[in-house]
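First comes the structure, then the notes that go with it.
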There are 2 protein chains.
Amino acid sequence: MVTMRDVAERAGVSIATVSFLLNDTKPVTPATRARIEEAMLELGYRRNMVARALASRRTRIIAMAYPALEHRFGMSTAEFFTAAAERARAKEYHLVLWPVGNDGVELRELLGQGLVDGVVLMEVQLADPRVEVLRETGTPFALIGRTAELGGLAHVDIDFDATVEAAVEHLYSLGHRELVLISGDLADPRFHDYGPWVRSEAAYRRVVAEYGLHIVVEPSSDSPRAGREAAERVLQHHPETTAILVMNEYATLGVVSALKRQGRDVPGDVSVLSLFMVPEVAALSDPELTYLRTPGHELGQLGIEALIRQLDGADPLPPQLVPATLSPGGTVGPPPR
Amino acid sequence: MVTMRDVAERAGVSIATVSFLLNDTKPVTPATRARIEEAMLELGYRRNMVARALASRRTRIIAMAYPALEHRFGMSTAEFFTAAAERARAKEYHLVLWPVGNDGVELRELLGQGLVDGVVLMEVQLADPRVEVLRETGTPFALIGRTAELGGLAHVDIDFDATVEAAVEHLYSLGHRELVLISGDLADPRFHDYGPWVRSEAAYRRVVAEYGLHIVVEPSSDSPRAGREAAERVLQHHPETTAILVMNEYATLGVVSALKRQGRDVPGDVSVLSLFMVPEVAALSDPELTYLRTPGHELGQLGIEALIRQLDGADPLPPQLVPATLSPGGTVGPPPR
DNA sequence: AGTCGCAGGTAAAGCGCTTAACTCCGAGGT
DNA sequence: ACCTCGGAGTTAAGCGCTTTACCTGCGACT
């Protein structure tokens with residue numbers, strides 16, 4: 001392994017000078033800079049991140065903690081992660097994925113090892129024990145999602161209000177008046193506090209009330225089967241429905257196939273609009289789904305950005321709320337007759 | 001931060017003793033062990049991984065390198081990764097995901113930093129430049145997949161022969177005689193060397209020839225759209241087909257929906273059998289797919305195991321080939337009449 | 001009785017880098 | 001001519017561990 005000492009010797013300078021050059025922490029004359037750079041090139045020098053981390057007490061590693069047990073690692077999570085990894089790399093950080101439990105125990109375990117400079121927390125709950133752990137240990141962190149009371153916590157999240165408003169407005173303007181929301185299943189104890197479900201359902205109730213429409217909300221967990229069952233309940237109890245909004249992406253696929261099974265034409269008889277989805281999943285349905293695209297890419301990047309600003313001591317990034325944007329597909333049309 | 005020195009002082013021993021105890025590298029009397037453990041508990045000591053890594057020249061971090069550009073991070077990849085992460089953690093290693101290019105440039109870049117002890121390589125190609133990079137730099141590594149010539153490389157892979165045999169045998173014994181394989185698209189330059197596609201197609205040609213059946217292979221990339229198009233070509237050019245085997249998981253969804261669009265009953269008129277798939281994707285189709293389950297969990301674990309054995313200097317794990325196993329669903333039945 | 005081996009412990013030299021604190025020198029101000 | 005000050009380097013003290021070499025008893029073997 002070629003070390004800084006080798007480079008310094010070859011360039012005829014002290015190793016401190018090499019370090020200053022590398023980190024750009026002190027000026028260096030063009031002449032010495034050239035000599036050092038040449039030496040590095042000739043020797044094929046690569047700085048050792050571990051030594052650097054020990055000396056500077058910064059590892060330049062960021063962990064993305066996501067609750068493996070409670071949430072499957074699906075396409076949306078993948079999108080968050082890859083966007084975040086990309087941004088991190090651009091800022092010369094590494095991103096590692098940490099599957100942790102929702103209770104914060106594993107998180108505390110991992111933090112103790114001094115391996116990471118900061119944490120991006122995903123799938124945040126309204127009251128999240130993990131936030132407490134991070135606070136206690138003094139770890140810098142940013143949330144993708146929001147707790148209920150966010151005392152100045154760095155966070156980015158979906159703008160649920162704007163998204164739901166856009167969705168309802170879209171359907172309303174097409175002429176739909178009998179809407180149903182297939183929401184998350186808040187009765188499930190693992191999710192009763194899950195931000196996206198709580199917030200989007202609340203937004204829906206508010207918006208639909210403003211439009212003066214009936215409020216019908218049917219719970220469903222995020223699987224095709226659950227979606228099918230929810231759709232069947234809707235057909236049975238609310239046959240007048242002309243448009244269904246669906247919160248969960250995999251449930252949406254079930255909703256569409258249940259409607260087709262029951263002989264309903266989509267979108268001729270019933271329109272289906274998915275509230276938060278990535279294109280890859282939308283393409284899996286036939287016809288391809290009309291949906292509001294989860295801003296996974298943006299949020300992944302912003303989350304990392306918010307964290308890195310703290311780490312680098314820059315101005316904090318103010319909280320960002322990004323709406324999902326409408327992406328046309330083949331499952332929404334005007335109501336029948 | 002509480003360091004080993006603090007613990008040693010409190011326990012009245014030297015810091016070397018603490019280290020020996022922690023790493024179990026030298027015997028310690030029960031009495032001192034107790035004193036040290038008490039001190040650690042009282043002080044809430046957690047060993048610093050970075051310092052340890054620097055001193056021991058082992059970071060206990062493993063990277064899983066997967067080609068982000070060429071392969072989307074889908075459900076199968078997620079399964080590999082989570083299984084691997086789980087196993088790694090059990091062995092007190094960390095697993096980080098590295099999206100890298102197929103050419104090996106980024107990989108070399110990252111390896112130089114001395115951040116990882118070893119690499120698990122995913123989506124291996126028959127001739128893979130990344131393998132060269134790993135060899136050159138002397139990094140321990142294991143492959144999930146295989147190169148064409150594997151001179152003693154540690155690897156685990158799907159047993160394509162056994163899987164394809166099982167698939168064809170299953171269909172044959174139900175009475176099917178007119179089969180088609182919708183394979184990967186080897187004409188795509190990014191994939192002409194992609195092991196799973198090459199190997200499964202070769203296996204198919206061999207097996208079907210042994211059964212004395214017609215060999216019909218239709219290429220398709222891995223998307224619902226491509227699958228739909230491939231299925232349409234099959235219906236047009238080979239209307240006598242009674243069963244379709246599909247290589248790619250997302251393409252399978254397209255195949256099923258194209259058949260239904262064309263008024264074919266699945267499995268009444270045509271059976272569809274997916275060759276490599278995870279349950280999550282199979283559930284997205286209606287009816288749920290009959291498929292051979294990709295042994296992602298097993299391979300993820302075995303891949304890590306193979307690597308860690310090298311790192312820990314244990315006996316090498318012999319190459320493992322694991323077949324995909326049949327999982328019944330609603331898309332395979334006897335041929336019509 | 002002599003000595004060999006080993007269990008149990010210590011001291012100290014790094015691992016490859018960062019970062020004060022310090023030196024040296026020439027330009028500017030007065 | 002004197003002092004000051006900032007730019008460009010250097011020296012050296014760590015960062016928190018691992019690990020080698022070394023020391024000391026003590027029981028066992030001859």
Side-chain angles (χ1 to χ4, degrees), chain A residues 1-37 39-40 43-61 92 94 111-117 311-313, chain B residues 1-37 39-40 43-61 92 94 111-117 311-313:
Chain A
M1 162 169 263
V2 25
T3 75
M4 238 168 75
R5 153 163 280 104
D6 303 328
V7 174
E9 256 167 35
R10 176 139 195 156
V13 298
S14 77
I15 95 171
T17 307
V18 178
S19 173
F20 291 140
L21 174 77
L22 242 31
N23 298 313
D24 199 23
T25 89
K26 246 194 159 186
V28 166
T29 47
T32 35
R33 144 166 283 133
R35 290 214 316 286
I36 296 176
E37 278 170 351
M40 293 199 299
L43 298 174
Y45 169 76
R46 339 228 57 187
R47 95 205 304 143
N48 181 322
M49 295 305 279
V50 176
R52 165 141 115 131
L54 180 59
S56 66
R57 254 137 302 180
R58 316 254 270 101
T59 63
R60 303 193 76 82
I61 300 180
E92 298 190 70
H94 284 277
L111 286 176
Q113 310 195 135
L115 255 183
V116 302
D117 289 348
L311 296 178
D312 292 354
Chain B
M1 163 170 263
V2 24
T3 77
M4 240 169 72
R5 153 163 279 104
D6 302 328
V7 174
E9 255 167 37
R10 176 138 195 157
V13 297
S14 77
I15 95 170
T17 307
V18 179
S19 173
F20 291 139
L21 173 75
L22 240 32
N23 298 313
D24 199 22
T25 93
K26 242 192 162 187
V28 166
T29 46
T32 35
R33 144 165 283 130
R35 289 216 314 288
I36 295 176
E37 278 171 351
M40 293 199 300
L43 298 174
Y45 170 76
R46 339 230 57 187
R47 112 223 271 154
N48 180 322
M49 294 306 279
V50 176
R52 165 143 115 130
L54 181 59
S56 67
R57 253 135 306 176
R58 317 253 270 101
T59 62
R60 301 193 78 82
I61 300 181
E92 298 192 70
H94 284 277
L111 286 176
Q113 310 194 132
L115 254 184
V116 302
D117 289 348
L311 296 179
D312 291 354

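A note on names: the letters A, B, ... follow the listed sequences, proteins ahead of strands, and every chain is numbered from 1.
- By the side-chain contact (heavy atoms from CB on, under 4.5 Å) test, A/Y45 pairs with A/V2, A/M4, A/V7, A/L22, A/M40, A/R47, sequence neighbours left out.
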Practice problem: Any chance you could list the contact pattern along nucleotides 16-25 of chain C? Use B for base contacts, S for sugar-phosphate-only contacts and - for none, protein heavy atoms under 4.0 Å, 5' to 3'. | Solution: BBBBBB----

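- Listed by chain and residue number, nothing satisfies the salt bridge (charged side-chain N to carboxylate O under 4.0 Å, His left out) test with B/E9 (two or more places apart in sequence, or in another chain).
- Residues forming a salt bridge (charged side-chain N to carboxylate O under 4.0 Å, His left out) with A/R33 (at least two apart in sequence, or on another chain): A/E37.
- Spacing between atom CE of B/M40 and atom C1' of D/dC17 amounts to 14 Å, rounded to whole angstrom units.
- Across all strands shown, B/T29 has heavy atoms under 4.0 Å from sugar-phosphate atoms exclusively, and none from any base.
- Every residue two or more places apart in sequence or in another chain that forms a salt bridge (charged side-chain N to carboxylate O under 4.0 Å, His left out) with B/R46 is listed here: A/E109.
- For B/D312, the salt bridge (charged side-chain N to carboxylate O under 4.0 Å, His left out) criterion is met by B/R58, not counting sequence neighbours.
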